[in-house]
Protein chains: 2
Amino acid sequence: MVTGTREALIDAAAQLLDHGGAEAVTLREVGRRAGVSHNAPYKHFRSKEALLASVAARELREHSLGLSGGSPGATLRAAMHDYVAWALTSPARFKLVFGAWSVESPDLAAAAGSAHAVLVDLVAGAQRDGELPAGDAVRLASLVRALAHGAADLAAAGHLAADGKGNADPQHLVDDLLAYLRTVAQAPGTR
Amino acid sequence: MVTGTREALIDAAAQLLDHGGAEAVTLREVGRRAGVSHNAPYKHFRSKEALLASVAARELREHSLGLSGGSPGATLRAAMHDYVAWALTSPARFKLVFGAWSVESPDLAAAAGSAHAVLVDLVAGAQRDGELPAGDAVRLASLVRALAHGAADLAAAGHLAADGKGNADPQHLVDDLLAYLRTVAQAPGTR
DNA sequence: ACCTGAACACCGTTCAAGT
DNA sequence: ACCTGAACACCGTTCAAGT
């Protein structure tokens, strides 16, 4: 009984998300797994959407740790690979975190803001190292992130490996983009 | 009464999708708008998911037309801009078409396959023109598509313009990628 | 061949109580 | 402060009929 039922509700929701996707998360089943009535969640969250926002915030916070201490370029590459692996391993959680948020959650917004700041820093560091072309770091970070997001989302939905020959693996696409960008950074005439 | 109720059901579903998103599409409201009972859809589709697959297939087919007759590179750029605009204008339809398909639909698979083939052809043409780097056209097409998809999906979810300064407009990201790729294609040492 | 109406087993949410 | 049980207004889907 040390955990508190609030945390137990979040646990149950995340568990259901992994098991049967978003549609498997019902407040009634969440309550059942947490050992309370189907109604108890309303004493901790304003709505089902608010509970899901808390799940998303915790998920995003947990994934924001553990950036190993290599070069900015290597760390950026690892982070984008993690991003893609996240979408493939836990597609329902991924969609919850990076889909549209139907509820205002300062918690979730703060976690997203700090993740964004880390990414921009990595990009700026890689630019300094000559591994990425110069220019607005926010814009370039958005480019890299959008590629990783698109590859991850398409792969998770089964829309990437069109011919099964594996020439469009999402991780390969991340590597391709970073390699192209390094080529641009080191081409003559860049400043 | 020339339209047939099957088409009327698809119309109604698409309309509801635009109005209130995916959760607004209920078979009961679809039937109401089509002038039939809440039960009539089952005489034309095996399930709600099958109806939605038909909506997606029609949507994808309609968007696959109208590729203007410019150069491959210009047409590719226009197609990716259309892709992004599609996600911003009709996010619910876009998610339906490019999200995970919960139902096997040969109709939908065929439309997706032909759209993919067109994209690969455009990329191959742009490679021949020296506007894109050489290499596997399928893989490069996946790269370009993944960037457009990620930028579109993030923008539609409100996760792109983090600071409101507009330096991460999804259309700009498409242009940035194509410009980088042209730089790579025209850099010395590429073959 | 196409449609209807009742019924079933679910939902999220609200409300009046209970401790 | 936290929880329960009944109730309400919905769902998707099935089934027995109707023409």
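Chain letters run A, B, ... following the sequence lines, proteins first and then strands; every chain starts at 1.
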- Item | Watson-Crick or G-U pairs under 3.5 Å in DNA chain D, rendered as dot-bracket with [ ] for crossing pairs and | for another strand | ||.|||||...|||||.||
- Contact letters for nucleotides 8-19 of chain D, in which S counts primed atoms plus P, OP1 and OP2 and B counts the base, heavy atoms under 4.0 Å: ---BBBBB----
Those residues that, when tested against [X], pass side chain to side chain donor-acceptor pair (under 3.5 Å) (two or more places apart):
X: B/R93; value: B/D18, B/E59
X: B/D175; value: B/R77, B/H81
X: A/E29; value: A/R32, A/R33
X: A/E49; value: A/S102

- Got a sec, which hydrophobics cluster with B/L27, joining ILVMFWY side chains under 4.5 Å apart, including via others?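 Besides B/L27, the hydrophobic cluster comprises B/L9, B/I10, B/L16, B/L17, B/V25, B/V30, B/V36, B/Y42, B/F45, B/L51, B/L52, B/V55, B/L96, listed by chain and residue number.
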- Does any pair with a residue in residues 120-138 of chain A pass side-chain hydrogen bond (donor to acceptor under 3.5 Å, both in side chains), and if so which ones, sequence neighbours excluded?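 As it turns out, the side-chain hydrogen bond (donor to acceptor under 3.5 Å, both in side chains) pairs with a partner in residues 120-138 of chain A, which skip direct neighbours, are A/D136-B/N167.
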Would you list the atom pairs, donor with acceptor, under 3.5 Å between side chains in residues 145-153 of chain A and any protein atom, with sequence neighbours excluded?
from, atom 1, to, atom 2, distance (Å)
A/R145, NH1, A/Y83, OH, 2.9
A/H149, ND1, A/Y83, OH, 2.8
A/H149, NE2, B/D153, OD2, 2.8
A/D153, OD2, B/H149, NE2, 2.8

